[in-house]
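Only one structure is covered here, and it is reproduced in the block below.
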Amino acid sequence: MTVDFYCDEVLNGKTKVKKVLETDNVLAYYHTKPYWPIHIVAIPKKHISSLITLEESDNELLLELLGVIKKVASMVTEENGACRVITNVGNYQDSKHLHWHIVSGDKIR
């Protein structure tokens with residue numbers, strides 16, 4: 001995977017995605033290679049490398065991102081009964097762009 005798949009592929013349109021919810025600053029879409037039956041990714045459109053690199057100037061964007069995550073998690077929970085909201089940090093983070101997974105069901109791979 002590239003260092004920043006989301007900027008390099010998704011946000012510039014090289015990789016087409018099925019959008020779930022979009023605002024001016026945030027995109028939520030179905031994962032291109034899902035690990036769960038329901039697997040949605042939410043990302044800021046601005047490059048932020050990780051949850052732990054957020055700066056105070058990113059607070060409004062973080063609130064917008066969390067608002068999108070909340071709406072998507074509510075939709076997934078309403079349709080499926082439950083979901084998980086996950087983010088990775090450090091070596092667990094394959095793509096170095098802040099992103100959250102909203103997932104439901106048993107892991108498929």
Side-chain angles (χ1 to χ4, degrees):
M1 181 176 286
T2 63
V3 173
D4 186 349
F5 171 79
Y6 303 103
C7 281
D8 296 344
E9 294 289 328
V10 174
L11 293 175
N12 74 14
K14 285 184 188 175
T15 298
K16 300 295 180 203
V17 295
K18 183 178 176 185
K19 296 177 184 179
V20 175
L21 185 61
E22 184 173 17
T23 68
D24 289 341
N25 301 302
V26 177
L27 174 64
Y29 66 92
Y30 286 98
H31 197 290
T32 57
K33 296 177 183 172
Y35 286 79
W36 289 269
I38 305 298
H39 191 166
I40 298 165
V41 180
I43 61 171
K45 293 180 180 178
K46 171 188 173 188
H47 177 73
I48 298 171
S49 62
S50 172
L51 177 66
I52 59 177
T53 64
L54 282 162
E55 297 185 6
E56 196 165 318
S57 61
D58 297 318
N59 285 349
E60 284 186 41
L61 175 57
L62 180 59
L63 286 174
E64 186 175 338
L65 176 59
L66 289 173
V68 167
I69 293 166
K70 179 182 175 183
K71 285 179 186 174
V72 172
S74 293
M75 292 176 356
V76 171
T77 299
E78 186 175 312
E79 292 174 10
N80 299 280
C83 76
R84 293 178 195 87
V85 177
I86 305 163
T87 193
N88 295 304
V89 177
N91 291 334
Y92 289 152
Q93 186 180 358
D94 288 337
S95 181
K96 303 305 182 196
H97 184 100
L98 176 62
H99 61 284
W100 297 75
H101 302 269
I102 300 99
V103 302
S104 188
D106 294 327
K107 203 166 189 180
I108 56 178
R109 63 181 183 113

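We number each residue from 1, following the sequence as shown.
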His101 and Asn88: CA distance, side-chain angles, deciding distance, side-chain contact (heavy atoms from CB on, under 4.5 Å) verdict: CA-CA 9 Å; His101 302 269; Asn88 295 304; 4.2 Å; yes
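- Annotation: the span from Leu63 atom CG to Lys70 atom NZ amounts to 11.5 Å, rounded to 0.5 Å.
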Derivation and outcome, side-chain contact (heavy atoms from CB on, under 4.5 Å), residues Val103 and Tyr35: CA-CA 8 Å; Val103 302; Tyr35 286 79; over 6 Å; no
Val10 and Val41: CA distance, side-chain angles, deciding distance, side-chain contact (heavy atoms from CB on, under 4.5 Å) verdict: CA-CA 11 Å; Val10 174; Val41 180; over 6 Å; no
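- Side-chain heavy atoms closer than 4.5 Å link hydrophobic residues (I, L, V, M, F, W, Y) into clusters, and following such links, even through other members, never connects Val89 to Tyr6.
- With values rounded to the nearest 0.5 angstrom, Ile108 atom CD1 is found 9.5 Å from Trp36 atom CH2.
- Distance check, rounded to the nearest 0.5 Å: CD1 of Ile40 to NE2 of His99 gives 14.5 Å.
- Atom OG1 of Thr15 and atom OH of Tyr29 lie 8.5 Å apart (nearest 0.5 Å).
- Residues Pro34 and Arg109 are not in side-chain contact: their nearest non-hydrogen atoms beyond the backbone lie 4.5 Å or more apart.
- Screening Val68, Ile43, Val20, Leu21 for a side-chain contact (heavy atoms from CB on, under 4.5 Å) with Leu27, the sole residue that qualifies is Ile43.
- The environment of NZ in Lys71 is sparse: at most 12 heavy-atom neighbours from other residues, nucleotides or ligands sit within 6.0 Å.
- When every heavy atom of Ala28 is checked against every heavy atom of Val72, the shortest pair comes out as CB-CG2, 4.0 Å.
- With values rounded to the nearest 0.5 angstrom, Ser104 atom OG is found 12.5 Å from Met75 atom CE.
- Here the side chain of His31 pairs no donor or acceptor atom with the backbone of Ile102 at under 3.5 angstrom.
- Of the options Glu64, Glu60, Lys46, a side chain to side chain donor-acceptor pair (under 3.5 Å) to Asn25 is made by Glu64 and by none of the others.
- Note on Tyr92: it does not cluster hydrophobically with Leu54, by side-chain heavy-atom contacts below 4.5 Å among ILVMFWY residues.
- Across Lys96 and Gln93, no two heavy atoms sit closer than the pair NZ-O, 2.6 Å.
- One hydrophobic cluster, built from ILVMFWY side chains closer than 4.5 Å, cannot hold both Leu11 and Trp100; they sit in different ones.
- For Val76 against Cys83, the heavy-atom pair with the smallest separation is CG1-CB, 3.6 Å.
- When hydrophobic clusters are built by joining Ile, Leu, Val, Met, Phe, Trp and Tyr residues whose side-chain heavy atoms come closer than 4.5 Å, directly or via intermediates, Leu61 is grouped together with Leu51.
- Note that the CD1 atom of Ile48 and the CD atom of Glu55 stand 8.5 Å from one another [nearest 0.5 Å].
- At least one donor-acceptor pair closer than 3.5 Å links the side chain of Thr23 to the backbone N or O of Val26.
- When hydrophobic clusters are built by joining Ile, Leu, Val, Met, Phe, Trp and Tyr residues whose side-chain heavy atoms come closer than 4.5 Å, directly or via intermediates, Ile86 is not grouped with Leu62.
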